[in-house]
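Counting convention: from 1, in listed order, for ligands and their atoms alike. Residue numbers run from 1 in the order of the sequence given.
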Amino acid sequence: MKGAGAVTVPGEAARYTVGGVSVPVDHFVGGRWIGSEHRFESRSPLDWHGPVLAEVARGDATTAEAAVGAAVDGFRAWSAFTVAERAEVLNRLADLIEANTDEIAKVETLDMGFMYESMRQRLVVRGAVNFRTYAELIITHEERAWAAKGLHNTVQRMPAGPAVVITPWNAPFMLSTWKLAPALAAGNSVIHKPAEWSPLSAALLAELTVDAGFPAGAYNLVQGIGEEVGAALVADPRVRRITFTGSPETARHIGRAAADNIVPFTAELGGKGPLLVFADSDLDAAAHRAAWQYDDSGQVCLAGTRLLVEASIRNEFLERFNRHVDRLVLGDSRDPDTDIAPMVHPEHRDRVHGFVERARAGGDRILRGGEPVEGSLHYQPTLIEPVSNRSEVVQREIFGPVLTLQTFSDEAEAVALANSTDYGLSAIVFTTSAHRAERVGRAIRAGLVWVNTFLVRDLTAPFGGCGISGIGREGGDHALEFHSDLKTLMILDGSVD
Ligand code: NAD
């Protein structure tokens with residue numbers, strides 16, 4: 001079935017025009033666009049009941065089989081490129097992303113709802129930087145060599161093979177490049193499976209890989225539903241790496257498949273980050289930052305969703321926090337005056353509301369918000385004071401504009417509360433004391449801790465989570481090592497001319 005809006009030319013991809021941009025909606029396998037008997041709808045969170053944005057190819061086990069086969073061939077070609085040649089292709093892809101930033105941002109905003117200006121100025125640009133960073137890292141990489149026990153020892157990185165890259169629906173373009181860049185830089189071929197709630201920007205990227213100069217099969221894109229084509233991809237024994245970003249529930253399924261085939265697997269999973277505010281903080285900066293945790297309707301894994309505030313300043317903090325939140329404008333993500341974008345999908349908004357309703361029924365106090373917004377996919381910025389640290393809204397990731405407020409009486413209690421969930425992705429701390437910044441920063445169990453700031457990170461620094469927030473680290477050399485098989489080569493001294 002082809003959608004009414006689809007344009008098809010024999011031998012080419014079916015395409016839809018989305019926000020004035022022509023988007024291919026098929027799979028990209030072995031350097032060719034291939035169609036699909038079945039399709040799924042992509043709708044816009046900005047106009048949910050409006051026309052369907054696109055009908056996208058819905059892959060199955062046969063698609064997965066073909067994509068992995070193409071990636072096996074693509075691996076042979078791409079891994080034979082020299083490091084300098086690989087870097088050149090990656091840099092060309094970065095140039096192409098930069099040249100198409102507006103188009104990618106437009107499509108992504110319509111497809112998943114995040115703010116257009118933030119996409120255009122920050123997230124899509126960061127996508128290009130991801131490829132540049134890895135181009136630089138592979139050409140400046142030094143191999144280790146040493147002499148010991150009469151041997152000349154060197155350590156080499158071998159490309160591992162085809163890698164499956166599975167990504168979530170939030171910030172899909174940037175998050176995908178984050179995983180694709182190191183896999184490709186290492187010399188692996190990739191099969192990318194983007195999320196079914198935001199599949200379109202990945203298709204634009206696939207299209208750019210052709211002009212960038214990747215050989216056929218180095219970069220493959222498979223569209224579809226996670227439990228269908230995603231599960232088939234990760235179960236294929238020809239796959240040699242799996243890198244996943246998404247929920248812990250899905251990671252458990254993928255991890256089982258990885259174990260069956262003895263394939264290394266990294267997982268960037270959910271978060272339930274604390275935002276700690278000590279009495280010695282710049283209170284207005286802390287309140288402002290706390291209010292901004294509603295950004296993108298809280299659909300951000302790194303968000304500091306548990307506000308932990310020193311008891312002596314609770315009321316003053318809350319007053320300032322409310323003042324900042326009152327100023328936030330919920331609206332259309334394309335409008336520069338909007339602060340808060342709609343949620344991605346009605347199903348997700350209902351799920352978020354379910355958390356709030358259960359909290360209300362369980363006796364937690366709703367301090368503000370707590371209802372969906374009529375006529376759009378927004379949810380009111382919500383603040384809940386839980387009856388207990390065991391409340392579900394404190395312990396489980398909600399992934400929406402819902403924060404909790406708890407108080408602590410001293411540093412030890414603050415750290416204990418911060419570390420009291422199964423997650424451990426990130427934390428934000430506000431204090432003006434250098435000693436406290438150091439002590440609390442060290443005591444918190446999380447992959448990333450920001451003090452008096454948020455979200456900034458050099459792309460070469462490690463990124464990942466503790467506990468159920470993930471397995472492994474991305475960023476810089478960490479991701480390159482994951483995508484490589486290390487080899488120690490030992491040559492007996494004096495045995496060769
Ligand atoms: P999800 O786990 O539902 O889906 C993620 C991807 O997995 C999608 O592409 C989906 O199609 C695929 N998938 C689902 N079932 C599968 C299966 N059985 N086999 C193979 N693939 C399968 O997650 P989501 O709802 O798309 O994303 C939200 C989650 O992602 C949140 O928990 C959020 O915190 C997390 N996240 C984490 C980070 C991070 O860097 N730590 C970044 C963004 C999002």
Novice: Are F463 and W178 close enough that their ring centres sit under 6.0 Å apart?
Specialist: yes
Novice: For the atom pair CD1 (I97) and CD (E103), what is the distance rounded to the nearest 0.5 Å?
Specialist: 12.5 Å
Novice: Within the 4.0 Å heavy-atom shell around F244, which atoms of ligand 1 are there?
Specialist: 2 (O), 5 (C), 6 (C), 7 (O)
Novice: When rounded to the nearest 0.5 angstrom, what is the spacing between OG1 in T177 and CZ in R132?
Specialist: 12.5 Å
Novice: Answer with side chain, backbone, both or neither: which part of E397 has a heavy atom less than 4.0 angstrom from an atom of ligand 1?
Specialist: side chain
Novice: Quick check with a 6.0 Å cut-off and a 45 degree axis cone: is R351 positioned over the face of F355's six-membered ring?
Specialist: no
Novice: Should you measure from each heavy atom of I254, which atoms of ligand 1 turn up under 4.0 Å away?
Specialist: 19 (N), 20 (C), 21 (N)
Novice: Given the side-chain rings of H324 and W292, with only the six-membered ring counted for Trp, is the space between their centroids under 6.0 Å?
Specialist: no
Novice: In the protein, what heavy atom is nearest to atom 13 (N) of ligand 1, and what distance, to one decimal place, separates them?
Specialist: G226 CA, 3.3 Å
Novice: With a 4.0 Å cut-off, would you call R15 and E207 a salt bridge?
Specialist: yes
Novice: Is the shortest N/O to N/O distance between S469 and ligand 1 below 3.5 Å?
Specialist: no
Novice: Return the residue, atom name and 0.1 Å-rounded distance of the protein heavy atom closest to atom 27 (O) of ligand 1.
Specialist: P168 CB, 3.3 Å
Novice: Is there at least one pair of N or O atoms, one from N170 and one from ligand 1, spaced under 3.5 Å apart?
Specialist: no
Novice: Does the N or O separation between I225 and ligand 1 drop below 3.5 Å for any pair?
Specialist: no
Novice: Regarding H192 and T167, do their side chains bring together a donor and an acceptor under 3.5 Å, going by distance alone?
Specialist: yes
Novice: Relative to the heavy atoms of K193, which atoms of ligand 1 are at a distance of less than 4.0 Å?
Specialist: 9 (O), 10 (C), 11 (O)
Novice: So, 4.0 Å and heavy atoms of P194: is ligand 1 close enough to count as a contact?
Specialist: yes
Novice: Does the N or O separation between V234 and ligand 1 drop below 3.5 Å for any pair?
Specialist: no
Novice: Check the pair F454, L448 against side chain to side chain contact (heavy atoms under 4.5 Å, CB included), reporting the backbone distance first and the verdict last.
Specialist: CA-CA 10 Å; F454 182 46; L448 303 122; over 6 Å; no
Novice: Starting from atom 24 (P) of ligand 1, what is the nearest protein heavy atom, named by residue and atom, and what distance separates them?
Specialist: W169 NE1, 3.5 Å
Novice: Are W169 and H345, when compared by the centres of their aromatic rings, separated by less than 6.0 Å?
Specialist: no
Novice: Charged N to carboxylate O below 4.0 Å: is that the case for E65 and R238?
Specialist: yes
Novice: Name the closest protein heavy atom to atom 35 (C) of ligand 1, giving the residue it belongs to and the distance to 0.1 Å.
Specialist: G246 O, 3.2 Å
Novice: Using a 4.0 Å cut-off to any heavy atom of E196, which atoms of ligand 1 qualify?
Specialist: 10 (C), 11 (O)
Novice: What protein heavy atom is closest to atom 20 (C) of ligand 1, reported as residue, atom name and distance in Å?
Specialist: G230 C, 3.3 Å
Novice: To check your reading of the model: name the closest protein heavy atom to atom 42 (C) of ligand 1, its residue, and the distance in Å.
Specialist: C301 SG, 3.1 Å
Novice: Please determine whether a side-chain nitrogen of the Lys or Arg among E371 and R368 lies less than 4.0 Å from a carboxylate oxygen of the Asp or Glu.
Specialist: no
Novice: Is Q293 close to L275 at the side-chain level, that is, under 4.5 Å between some pair of heavy atoms?
Specialist: yes
Novice: With a 6.0 Å cut-off (strictly less than), is the heavy-atom count around CZ of R32, excluding the residue itself, greater than 12?
Specialist: no
Novice: May I ask you to check if ligand 1 and T245 share an N or O to N or O distance below 3.5 Å?
Specialist: no
Novice: Could a heavy atom of F463 be found less than 4.0 Å from some atom of ligand 1?
Specialist: yes
Novice: Please write down residue, atom name and distance for the protein heavy atom closest to atom 3 (O) of ligand 1.
Specialist: T250 OG1, 3.8 Å
Novice: Can you find an N/O atom of L269 closer than 3.5 Å to an N/O atom of ligand 1?
Specialist: yes
Novice: Give me the residue, atom name and distance of the protein heavy atom closest to atom 23 (O) of ligand 1.
Specialist: S247 N, 3.5 Å
Novice: Under 4.0 Å from a heavy atom of L175: which atoms of ligand 1 are those, numbered in the order shown and with their elements?
Specialist: 42 (C), 43 (C)
Novice: In Å, rounded to the nearest 0.5 Å, how long is the span from CG of L53 to CG of L200?
Specialist: 6.5 Å
Novice: Heavy atom under 4.0 Å from ligand 1: found in L233's side chain, backbone, both, or neither?
Specialist: neither
Novice: Where's the contact between T167 and ligand 1, heavy-atom distance under 4.0 Å: side chain, backbone, both or neither?
Specialist: backbone
